[in-house]
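Working notes, structure below.
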There are 2 protein chains.
Amino acid sequence: MPEMPDKKARLTDAAADLIYRKGFAHTTLADIAAAAKVALGSVYYYFKSRNDVARAILERRQFEIEQLFEKIDRLQTPRERLRALVEVWIETRDNDARYGCPIGSLCHELAKGRGPLSGEAAEPFKMLLGWCEVQFRLLGKPDQEAVALGLHLVAALQGISLIANALGDPDTILAEAAYLGDWLRDV
Amino acid sequence: MPEMPDKKARLTDAAADLIYRKGFAHTTLADIAAAAKVALGSVYYYFKSRNDVARAILERRQFEIEQLFEKIDRLQTPRERLRALVEVWIETRDNDARYGCPIGSLCHELAKGRGPLSGEAAEPFKMLLGWCEVQFRLLGKPDQEAVALGLHLVAALQGISLIANALGDPDTILAEAAYLGDWLRDV
DNA sequence: GTCTATAAGGCGATAGAC
DNA sequence: GTCTATCGCCTTATAGAC
């Protein structure tokens, strides 16, 4: 992450955590300021507006995805890399069941209704889809099929996070991850 | 739907439509009252509170799902019935891309953060999952696998609605539906 | 039953002292 | 840069006339 004043970092940390757990709509600037131990008025020294806070978190999610890819891309084969992506969902299944997918829930909330942030909100999904597409192409799939397979994988991961969250049951993620693991073996 | 005073029906119609398009968080009681051409104060004659409106819409979605199953269940084979479910997503893809899945987006918003409505919010998903499970069992799948297959199908449909909405692109639904169609042929 | 008017509280955003 | 104080608006919910 680019250098950041300590206080801005604290605010962004607090905002990311609160918005993940309570949703953007139910997180107030006062909540964020209190959690970061900063006065309410000071928030506006670092952020132009409430939407600007959302933008900062969106950028953070993108950075986290880049970091993940950097790590996973060291694996030898595209199949191993795709498996590693599925394993991330297994590792985070308890949080996903409680609060939803950190990427999907935010994108969903900000894209809805074609608000002012809907453009940026799609970016994390585009990254995920683009990366998966590359892996499937490296597996020898023709262009169009690689897109379809990437779409299917990301949809499955996002959908199972949604279901797990609605049901409050992390085991559904375990079941779907097992399914996707088998699928990746044969695809 | 059970009998309902004309005015309550108008309010529920307006609320369902507005909440679908703008989300629950961004829909006010004044919006709903105006759209239904009812005075703001009158809303409280038919609904105890704002959350009570959400509950009514949740019940309506459940009713719509029941109606859909009633219609689809007339098809001869479980495979045809599962295909018919996927076709619903094809038919509604333009609206899904604009506003998200009417079931998924509402459940997501109400389940998030374990709010007071998270219990009821899971119900539509349970109906979808239960029905799919039955179809796969009728296809001869053992119990545990039938659950996993239902989970996979519903996750794929919910996930692709989410992606289509974030990207604003109904064609992603078309692509995933084609994939699921092939999958249902072979499964 | 249906309306208007308003109470009560919360929130984003700004002003201005230090 | 950081704070406290507050403005102005919006929203849920209620009171009370008709």
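Proteins get letters first, then strands, A, B, ... in listed order; numbering begins at 1 in each.
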(Q) Testing the 3.5 Å rule here: is there a donor-acceptor pair between the side chains of A:Ser105 and B:Lys112? (A)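 A pair is found: one side chain offers a donor N or O, the other an acceptor, under 3.5 Å apart.
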
Q: State, without any angle test, whether A:Thr28 and A:Asp31 hold a side-chain donor-acceptor pair at a distance under 3.5 Å.
A: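 Result is yes, a qualifying pair exists.
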
Pair up each side-chain donor or acceptor in residues 180-187 of chain B with any protein partner under 3.5 Å, not counting sequence neighbours, and list the distances.
{"unit_1": "B:Asp182", "atom_1": "OD1", "unit_2": "B:Arg185", "atom_2": "NH2", "d": "3.2"}
{"unit_1": "B:Trp183", "atom_1": "NE1", "unit_2": "A:Tyr179", "atom_2": "OH", "d": "2.8"}

Q: Report the relative orientation of the aromatic rings in A:Tyr20 and A:Tyr99; use parallel for angles under 30°, tilted for 30 to 60°, perpendicular for over 60°.
A: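 The arrangement is perpendicular - the two ring planes meet at more than 60°.
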
Q) For the helix from C:dG1-D:dC18 to C:dC18-D:dG1, what is the angle between the axes at its two ends, each from 5 pairs, rounded to 10°? A)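 Inter-axis angle at the ends, rounded: 10°.
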
Q) In the 5'-to-3' direction, what one-character label does each nucleotide of nucleotides 6-12 of chain D receive under the scheme B = base within less than 4.0 Å of a protein heavy atom, S = sugar-phosphate only, - = no such atom? A) -----SB

Q | A:Ala164 backbone acceptor or donor facing A:Asp169 side chain under 3.5 Å | A |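 Not confirmed, A:Asp169 side chain does not pair with A:Ala164 backbone.
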
Q: Examine distances only and state if a side-chain atom of B:Thr77 and a backbone atom of B:Glu80 form a donor-acceptor pair shorter than 3.5 Å.
A: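 Checked: pair present.
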
Q | All side-chain contact (heavy atoms from CB on, under 4.5 Å) counterparts of B:Glu109, not counting sequence neighbours | A |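 With neighbours one apart ignored, the set is B:Phe24, B:Ala25.
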
Q: Using a heavy-atom cut-off of under 4.0 Å over every strand shown, decide if B:Phe47 touches base, sugar-phosphate, or nothing.
A: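 Contact class for B:Phe47: none.
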
Q: Give me the first and last nucleotide of DNA chain C, going 5' to 3', that has any atom under 4.0 Å from a heavy atom of chain A.
A: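 Reading along DNA chain C, I get C:dC11 to C:dT14.
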
Could you list the donor-acceptor pairs under 3.5 angstrom formed by side chains in residues 144-156 of chain A, with sequence neighbours left out?
{"unit_1": "A:His152", "atom_1": "ND1", "unit_2": "B:Glu176", "atom_2": "OE1", "d": "3.4"}
{"unit_1": "A:His152", "atom_1": "ND1", "unit_2": "B:Glu176", "atom_2": "OE2", "d": "2.6"}
{"unit_1": "A:His152", "atom_1": "NE2", "unit_2": "B:His152", "atom_2": "NE2", "d": "3.2"}

Q.
Does the structure place the NZ or CZ of B:Lys8 under 6.0 Å from the centre of the six-membered ring of B:Phe47, at an angle of no more than 45° from the ring's axis?
A.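 Ring-cation test returns yes.
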
Q: Determine the sole option in B:Arg79, B:Glu133, B:Arg81 for which the side-chain contact (heavy atoms from CB on, under 4.5 Å) test with B:Leu138 is passed.
A: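 Between B:Leu138 and the candidates, side-chain contact (heavy atoms from CB on, under 4.5 Å) is satisfied uniquely by B:Arg81.
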
